[in-house]
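Reviewing the structure listed below.
All values below were derived from every heavy atom in this structure, side-chain atoms included, with hydrogens, water molecules and symmetry-related copies excluded. By convention in this document, chain letters (A, B, ...) are assigned in the order of the sequence lines, proteins followed by strands, and residues within each chain are numbered from 1. A quick note: this is a predicted structure, and the numbers were derived from the prediction, not measured.
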Protein chains: 2
Amino acid sequence: MRRPAREAAPPLETLAERCRAAGLSLTPQRLAIFQALWGSLDHPSPETLYARVRPRLPSISLATIYKTLDTLVELGMVAELPSTGDAKRYDAYMAPHHHLVCDVCNDIEDFVDEKLSALRAPKVGGFTAQSVSVSIHGRCRRCSRASA
Amino acid sequence: MRRPAREAAPPLETLAERCRAAGLSLTPQRLAIFQALWGSLDHPSPETLYARVRPRLPSISLATIYKTLDTLVELGMVAELPSTGDAKRYDAYMAPHHHLVCDVCNDIEDFVDEKLSALRAPKVGGFTAQSVSVSIHGRCRRCSRASA
DNA sequence: GTAACTGCAAAAACTTTGCTGAGTT
DNA sequence: AACTCAGCAAAGTTTTTGCAGTTAC
């Protein structure tokens, strides 16, 4: 099951709490970037996020996007995804879930599956496992159609 | 089970065949880079690979490392791994397997597990699944020890 | 009012490209 | 001899950093 768009309001109270706890201000930029990321289903790069936030905050700079993403990662509100292309990719959806990765256009979609979520990390000597993440590679709907 | 170091000789005949089939020369650089990657268990970045190949080919350039990695990926001899961090990461081990990712030092180790390899992609509307890859995140032996 | 933050510009890090002489077949 | 290739240097991207004025609390 794909994650439904905006299944819930973004956890803004959590963001506010964590900022406060860390002695950080809750600036309009942080708010806007977090909300834009929460509202995106495609796990945007910093550049893409910049484009999406600009209409709301026209004077924002790309450097702020980068710094803010680092901050949000440190606050545990956002995750950097492993990816192959040229730019970093981010996800604001922190509940356990997996990913559908399109090998053609590099799009990444969230994906929830109970069986996969039930996977436990096998024991491996020396390595301390914390989480298991599954990526399903293939072609997204659009690229499947395009190549047919 | 971790992949044993150098469990087999690097598939050099395959490399030679594929080069020939594609009309490419089997140059000393391509050979050295492929062998260095095969012999590495840590999925090095281009820069790291550069350092490892230099003793053997002191005049090689970083640009050649990049170009050759692209070529090897096109030949299907090497894969670019999804990763966080600043540089690309490569793997010469093409048999199906999974990865142990250290969230502290970003090291990536190969990992073979029959149960995980038996995983089949669940059906998802529109998405054409091709393969399933599992990453186990946590702390590698060294970083586990360091933080204890 | 104080500490933290943004935006700018410059720099650093990473990767790609164009060219020329050298190597492969 | 024809074609491909490596190495160099320059350019292109992506990301980080330092600083001065501004904003959040």
Side-chain angles (χ1 to χ4, degrees), chain A residues 12-13 15-37 43-51 53-75 77-78 80-90 106, chain B residues 12 15-36 43-51 53-75 77-78 80-90 106:
Chain A
L12 297 180
E13 331 73 41
L15 177 60
E17 277 164 29
R18 294 200 184 170
C19 281
R20 204 172 321 121
L24 303 178
S25 321
L26 183 47
T27 62
Q29 290 84 348
R30 283 177 187 157
L31 204 59
I33 292 168
F34 179 70
Q35 287 182 312
L37 196 50
H43 308 81
S45 64
E47 191 80 40
T48 303
L49 217 35
Y50 181 44
V53 171
R54 232 133 72 116
R56 185 163 151 196
L57 291 175
S59 74
I60 201 172
S61 76
L62 191 50
T64 297
I65 305 278
Y66 277 100
K67 286 186 234 189
T68 301
L69 286 169
D70 283 353
T71 304
L72 292 173
V73 168
E74 271 167 34
L75 292 176
M77 295 299 297
V78 150
E80 185 196 340
L81 297 183
S83 76
T84 50
D86 301 327
K88 298 186 170 180
R89 293 303 214 59
Y90 291 87
N106 271 311
Chain B
L12 297 181
L15 176 60
E17 278 165 29
R18 296 201 182 169
C19 282
R20 205 172 321 121
L24 304 177
S25 321
L26 183 48
T27 61
Q29 290 83 350
R30 285 179 184 154
L31 203 59
I33 292 169
F34 180 71
Q35 287 182 312
H43 308 80
S45 64
E47 191 79 42
T48 303
L49 216 34
Y50 180 44
V53 171
R54 233 134 72 117
R56 185 163 150 196
L57 292 175
S59 74
I60 200 170
S61 75
L62 190 50
T64 297
I65 305 279
Y66 278 100
K67 288 187 233 187
T68 301
L69 286 169
D70 284 352
T71 304
L72 292 173
V73 168
E74 271 165 35
L75 292 176
M77 295 300 296
V78 149
E80 186 197 339
L81 296 183
S83 72
T84 54
D86 302 328
K88 298 185 169 181
R89 293 302 214 61
Y90 292 88
N106 271 310

Result of checking B:I65, B:L81, B:T48, B:V73 against B:Y90 for side-chain contact (heavy atoms from CB on, under 4.5 Å): B:V73
task: Using a 4.5 Å cut-off on heavy atoms from C-beta on, say whether the side chain of A:I33 contacts that of A:I60.
output: yes
- prompt: Can you name the nearest heavy-atom pair linking B:P28 to B:L57, along with the distance?
  reply: O-CD1, 3.9 Å
field: Minimum side-chain heavy-atom gap B:L24-B:L75 below 4.5 Å
entry: yes
- prompt: Just how far, in rounded Å, is C1' of D:dT13 from CG of B:D86?
  reply: 13 Å
task: Quickly work out the A:I33 CD1 to C:dT6 C1' distance and round it to whole Å.
output: 10 Å
query: So what does B:T68 hit on the nucleic acid, given a heavy-atom distance under 4.0 Å: a base, only sugar-phosphate, or nothing?
result: nothing
field: Donor-acceptor contact present, side-chain A:R89 to main-chain A:S83, <3.5 Å
entry: no
field: Whole-Å gap separating P (D:dT22) and CD (A:Q29)
entry: 14 Å
query: What are the two closest heavy atoms between A:T84 and B:E80, and how far apart are they?
result: O-OE2, 2.7 Å
field: Earlier contact from the 5' end, DNA chain C, for B:Y66 and B:T27
entry: B:Y66
task: Grab the CG-P distance between A:L57 and C:dT6 for me, whole Å please.
output: 10 Å
query: Does C:dT25 have OP1 or OP2 sitting under 4.0 Å from an N or O in the side chain of B:S25?
result: no
- prompt: A:S61 has a side chain; which of C:dC5, C:dT15, C:dG7 sits nearest to it?
  reply: C:dG7
- request: Specify the separation, in whole Å, of atom OH of A:Y50 and atom P of D:dT14.
  value: 14 Å
query: Whole Å only: how far is the CG atom of B:L24 from the C1' atom of D:dA6?
result: 14 Å
statement: In terms of heavy-atom contacts, A:K88 and B:D86 come closest through NZ-OD1, 3.5 Å
- prompt: Hey, which of these two, B:G23 or B:K67, hits DNA chain D nearer its 5' end, going by closest nucleotide?
  reply: B:G23
- prompt: OP1 or OP2 of C:dT16 sitting under 4.0 Å from any side-chain N/O of B:K88?
  reply: yes
query: Relative to B:F34, does B:R30 satisfy both conditions: NZ or CZ under 6.0 angstrom from the six-membered ring centre, and within 45 degrees of the ring's axis?
result: no
- prompt: To the nearest angstrom, how far is B:R54 atom CZ from D:dA6 atom P?
  reply: 17 Å
- prompt: Which part of the nucleic acid does A:A63 contact within heavy-atom distance under 4.0 Å: base, sugar-phosphate only, or nothing?
  reply: base
message: Based on the rotation axes of five pairs at each end, what angle does the helix from C:dG1-D:dC25 to C:dT25-D:dA1 bend through, to 10°?
response: 40°
message: Closest-nucleotide mapping onto DNA chain C: is B:S45 or A:T64 further toward the 5' terminus? I mean the 5' end.
response: A:T64
query: Closest to the B:D70 side chain: D:dG18, C:dT16, D:dC25?
result: C:dT16
field: B:R30 side-chain proximity, nearest of D:dC5, C:dT24, C:dC19
entry: D:dC5
- request: Calculate the interatomic distance between A:L62 atom CG and D:dT13 atom C1'; express it in whole Å.
  value: 11 Å
